[in-house]
Amino acid sequence: MTQYSMTPITSGTRMRSDHKTSASVFASYNRGQLIVGDEIWEAPADGAEVKKGDKWLKVTSVDGVIVAERGWMAYVHKGVPICDNFKEIEEPNPPPAPVFPESFTLTNPSGAKAEYVFVRIIEE
């Protein structure tokens with residue numbers, strides 16, 4: 001799942017139960033804290049206390065600690081940035097699939113060597 005991060009510009013930046021300023025506040029965070037979330041909401045049109053293009057992030061963790069209750073924090077509110085350093089967190093590349101060698105060599109304790117050659121892959 002894609003995740004995003006941002007940092008509040010000022011201390012006291014609020015996390016709310018919904019992506020609107022009338023929603024209840026249940027936490028606030030300080031300038032520079034690392035806010036991570038996995039869902040973005042963007043305002044489709046101007047309205048009361050909202051401007052088209054405002055963005056909110058559904059918070060999953062703060063400074064690497066999973067939040068007890070997920071909520072929404074504005075990235076841009078009424079056209080004004082509330083947080084900065086917004087970026088998509090790139091997921092690490094998965095490890096490469098194992099590749100079977102054409103053959104391998106084993107050496108026993110006496111020093112004798114044997115080469116084993118693969119004929120076919122039985123199951124994938």
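Counting begins at 1 with the first residue of the sequence.
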NZ of Lys58 to CD1 of Ile35: how many Å apart, nearest 0.5 Å?
15.5 Å

Indicate whether the side chain of Ser5 and that of Asn85 have a donor and an acceptor atom separated by less than 3.5 Å.
no

How many angstroms lie between atom CH2 of Trp72 and atom OG1 of Thr21, to the nearest 0.5 angstrom?
15.0 Å

Looking at side-chain heavy atoms only, is the closest gap between Ile82 and Thr13 below 4.5 Å?
yes

Are the aromatic ring centres of Tyr4 and Tyr75 under 6.0 angstrom apart?
no

After noting the C-alpha distance and the side-chain angles of Asp84 and Thr7, does the key distance pass the side-chain contact (heavy atoms from CB on, under 4.5 Å) rule?
CA-CA 5 Å; Asp84 59 7; Thr7 54; 2.8 Å; yes

Looking only at atom types and distance, does a side-chain atom of Asn30 sit under 3.5 Å from a main-chain N or O of Thr10, one as donor and one as acceptor?
no

I need the full list of side-chain hydrogen bond (donor to acceptor under 3.5 Å, both in side chains) pairs touching residues 96-119, with sequence neighbours left out, sorted by first then second residue.
Ser103-Glu115, Asn108-Ser110

Main chain of Ser24, side chain of Arg16: is a donor-acceptor contact present, judged purely on distance under 3.5 Å?
no

Could you tell me the separation between the CE atom of Met15 and the CG atom of Leu57, rounded to the nearest 0.5 Å?
10.5 Å

Output the distance between atom CG (Asp54) and atom NZ (Lys52), rounded to the nearest 0.5 Å.
12.0 Å

Test log, rule side-chain contact (heavy atoms from CB on, under 4.5 Å), inputs Val62 and Val67
CA-CA 7 Å; Val62 177; Val67 294; 3.8 Å; yes

With a 4.0 Å cut-off on N to O distance, would you call Glu49 and Lys20 a salt bridge?
no

Grab the two heavy atoms, one from Pro8 and one from Cys83, that are nearest each other, plus how far apart they are.
CA-SG, 3.6 Å

On a heavy-atom basis, which atom in Val50 and which in Trp41 lie closest, and how many Å separate them?
CG2-CH2, 4.3 Å

So if you build clusters from Ile, Leu, Val, Met, Phe, Trp, Tyr with side-chain heavy-atom gaps below 4.5 Å, do Val59 and Phe26 land together?
yes

Mind checking whether Trp56 and His77 have side chains closer than 4.5 Å, heavy atoms only?
yes

Scanning both residues in full, the closest heavy-atom pair of Gly79 with Pro81 reads O-CD, 4.0 Å

More than 12 heavy atoms of other residues, nucleotides or ligands under 6.0 Å from CG of Leu106: is that the case?
yes

Would you mind checking if Asp38 and Arg70 are paired as a salt bridge, meaning a charged N to carboxylate O distance below 4.0 Å?
yes

Can you tell me how far NZ of Lys78 sits from NZ of Lys51, rounded to the nearest 0.5 angstrom?
10.0 Å

Could you check whether any side-chain N or O of Asp63 sits under 3.5 Å from a backbone N or O of Leu34, counting only pairs where one atom can act as donor and the other as acceptor?
yes

Assess whether side-chain contact (heavy atoms from CB on, under 4.5 Å) is satisfied between Met73 and Tyr29, documenting all intermediate values.
CA-CA 10 Å; Met73 183 180 289; Tyr29 297 99; 3.5 Å; yes

